[in-house]
Visitor: 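Handing you this structure, nothing more for now.
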Amino acid sequence: MIPLLTPEQAQGPTAVALGSFDGLHEGHRRVIGRITGRAAELGLVPTVVSFWPHPREVLFGEARLRLDLPAEKLSLLQPLGIEQLVLVPFTPELAQLSPEAFVQQVLVEQLQAAVVAVGENFRFGSGRSGDIGTLQQLGERHGMEVLVEPLLADQQEQLSSSRIRRALAAGELAEAAALLGRPYRFGGEVVSGRGLGRQLGWPTANLQVDGRKFLPLEGVYAAWAWRDGERMAAVMNLGPQPTVDPSAPSAVEVHLLGRRLDLVGAELRVEPVALLRRQQRFASVEALVEQIARDAQQAEALLSPSAGVGVAQSPADEGGDSPQQQNP
C-alpha cells in the first residue's frame, strides 16, 4: 500500500497531481495520468497532493462529507501508478498565503515539485486569487513544468464530485457508479446494538461509519456486504427507525440474507446496489416485519446470479479500509 504522508514526510523530487480528487472519477484520473509518464521519464516520485480538511470547513465552518476518505484513496491511487499521497493541512495560516508564497513554500521547498498537473478550473492562494495562468507563470519562474487537463463532460454536464453526490443523495446508485467508474462503498466496525432486529426475527449488523463519509439517500437497499474478501447478499437499512423507535438517531443496519454470523468487532464493507424503498412509519410492528420480509425477498431476487447485479471485485482491491485507518 502506498503511504499517506504530510508534506514534510514526502519523498522527492516529485511530479505532483494537485487537487481534491474526491471520488477519483475519470476527470481526476486523467489529471493523475498526466504526471505518471513524466515521472518515469524524469526520475520523479509520482505524487497526489490534496488538502485536509476541506478549505470550506476551515474558512466557513461548513461540514464537507467526502466520497473517499484519505486512507480509502490509497488503494485507489496505487493502480494508477502513484507512489505517495500527501495531505497538506489546510489551516487559516495556509489560507492567507499568496499564490507566490504557496508555490514557494509547499510545491518548491516541501515537495521539490518539478512537474505539477491540475484541472483547468484549479484555484489557489489567498481568496482563490491564483488560477492556472498564475500557476504557469510561477512554474516558469521556478523551472517547474505545469500541465493543465481540460474538464471532462458528457452529453449532460461536466463530470464532477458534486454530480456524484447528487446521484447518491437521490438514491441513484447506478448513475453514481457510472460517474465514479466503480461501485460506491462504505464500511465500518460492527458494534453491539439494542437487539431490536433480532427481537423482530431479522438480526442486523450495526455499522459504525466514519462521520466524515458521504452516505446515500436514507432508505432500504439491496446490498452486498464484504468481510475479509467474502461477498454476502444483504438488505441494508440506512436511517432512523420510525416504527420501533422514532427518537433513535440515523444508523446503518445490515441483515445478511441466509447467513447467521457473529460480526461484532468485525470490519464490514457495504455496497448498496438498489434502493428498494424509502423509509416509512408502519401502523404496527407486525406490518413492519411483513414489509421486511418482502424487502428481503426482493433483495434476494435482485442479487441472485441470474440478475447479474453487482461486481465480484473485493473492496480490498479498491479502498477496503476501516474507520480507524481512515484518519489522516
Side-chain angles (χ1 to χ4, degrees), residues 63 65 165-177 183-227 231-266 268-310 323:
L65 303 182
R165 288 190 184 88
R166 289 201 306 270
L168 290 170
E172 297 172 354
L173 299 170
E175 172 72 7
Y184 193 64
R185 291 171 176 156
F186 57 90
E189 180 182 354
V190 178
V191 297
S192 298
R194 292 172 297 167
L196 293 176
R198 182 170 286 102
Q199 294 173 27
L200 298 176
W202 296 92
T204 60
N206 302 283
L207 260 62
Q208 184 173 305
V209 181
D210 192 307
R212 300 168 299 181
K213 179 77 172 180
F214 190 95
L215 296 180
L217 176 72
E218 290 185 345
V220 178
Y221 291 84
W224 295 115
W226 302 79
R227 185 187 68 162
R231 187 179 73 169
M232 299 169 284
V235 175
M236 178 185 72
N237 179 70
L238 173 59
Q241 301 165 329
T243 302
V244 296
D245 190 356
S247 63
S250 181
V252 179
E253 303 166 293
V254 179
H255 171 76
L256 302 180
L257 297 173
R259 302 288 296 272
R260 291 291 183 109
L261 300 174
D262 182 7
L263 295 172
V264 174
L268 204 66
R269 297 288 290 178
V270 179
E271 178 191 323
V273 172
L275 176 65
L276 302 178
R277 61 177 174 88
R278 297 296 307 276
Q279 287 197 322
Q280 63 189 96
R281 185 169 185 173
F282 292 89
S284 66
V285 171
E286 290 75 19
L288 170 62
V289 171
E290 291 175 1
Q291 180 60 54
I292 294 174
R294 290 191 290 269
D295 295 337
Q297 186 177 29
Q298 186 179 0
E300 193 165 10
L302 281 168
L303 300 172
S304 68
S306 60
V309 177

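All of these numbers come straight from a predicted model, not from anything done at the bench.
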Visitor: Evaluate the criterion side chain to side chain contact (heavy atoms under 4.5 Å, CB included) for residue pair Leu173 and Tyr221; output intermediate values, then yes/no.
Guide: CA-CA 10 Å; Leu173 299 170; Tyr221 291 84; 3.6 Å; yes
Visitor: Calculate, to the nearest 0.5 Å, the distance between atoms CG and CG belonging to Leu303 and Leu257 respectively.
Guide: 7.0 Å
Visitor: Starting at CG of Leu275, measure out to CE of Met236 and round the result to the nearest 0.5 Å.
Guide: 9.0 Å
Visitor: Grab the two heavy atoms, one from Ala167 and one from Glu175, that are nearest each other, plus how far apart they are.
Guide: CB-CG, 3.8 Å
Visitor: Quick check for you: to the nearest 0.5 Å, what is the distance between Trp202 atom CH2 and Asp295 atom CG?
Guide: 8.5 Å
Visitor: Could you pull out all residues at least two apart from Arg294 that satisfy side-chain contact (heavy atoms from CB on, under 4.5 Å)?
Guide: Glu290, Gln291
Visitor: Evaluate the criterion side chain to side chain contact (heavy atoms under 4.5 Å, CB included) for residue pair Val252 and Asn206; output intermediate values, then yes/no.
Guide: CA-CA 6 Å; Val252 179; Asn206 302 283; over 6 Å; no
Visitor: Within the 4.5 Å heavy-atom criterion, are Leu302 and Val273 side-chain neighbours or not?
Guide: no
Visitor: What is the minimum heavy-atom distance between Thr204 and His255, and which atoms define it?
Guide: CG2-CB, 4.1 Å
Visitor: If you look at every heavy atom in Ala225 and Leu256, which pair is closest and at what distance?
Guide: CB-CD2, 3.9 Å
Visitor: Does Arg227 have any salt bridge (Lys or Arg N to Asp or Glu O under 4.0 Å) partners at least two apart in sequence or in another chain, and if so, which?
Guide: none
Visitor: What verdict does the side chain to side chain contact (heavy atoms under 4.5 Å, CB included) test give for Met232 and Leu261, after you've listed the backbone C-alpha separation in whole Å, the side-chain angles of each residue and the deciding distance to 0.1 Å?
Guide: CA-CA 11 Å; Met232 299 169 284; Leu261 300 174; 3.8 Å; yes
Visitor: To the nearest 0.5 angstrom, please state how far the CD atom of Glu271 sits from the CZ atom of Arg231.
Guide: 7.5 Å
Visitor: About how many Å separate CZ of Arg165 and OH of Tyr184, when rounded to the nearest 0.5 Å?
Guide: 8.0 Å
Visitor: Tell me the closest heavy-atom pair linking Ala299 and Ala234, and the distance in Å.
Guide: CB-O, 4.1 Å
Visitor: Could Arg269 and Trp226 be counted as a cation-pi pair, given that NZ or CZ must be under 6.0 Å from the ring centre and within 45° of the axis?
Guide: no
Visitor: Excluding sequence neighbours, so at least two apart, what forms side-chain contact (heavy atoms from CB on, under 4.5 Å) with Ala177?
Guide: none
Visitor: Which atoms form the tightest heavy-atom contact between Ala205 and Leu263, and what is the distance?
Guide: CB-CD1, 4.0 Å
Visitor: Does Gln298 form a side chain to side chain contact (heavy atoms under 4.5 Å, CB included) with Val235? I'd like the steps, not just the answer.
Guide: CA-CA 9 Å; Gln298 186 179 0; Val235 175; over 6 Å; no
Visitor: About how many Å separate CG of Leu217 and CG of Leu168, when rounded to the nearest 0.5 Å?
Guide: 10.0 Å
Visitor: Could you pull out the closest heavy-atom pair between Phe186 and Pro216, with the gap in Å?
Guide: CE2-CD, 3.9 Å
Visitor: So, using side-chain contact (heavy atoms from CB on, under 4.5 Å) as the criterion, who are the partners of Leu65 when residues are at least two apart?
Guide: Phe214
Visitor: Among residues at least two apart in sequence or on other chains, which ones pass side-chain contact (heavy atoms from CB on, under 4.5 Å) with Ala174?
Guide: none
Visitor: Tell me, please, which residues at least two apart from Arg278 pass side chain to side chain donor-acceptor pair (under 3.5 Å).
Guide: none
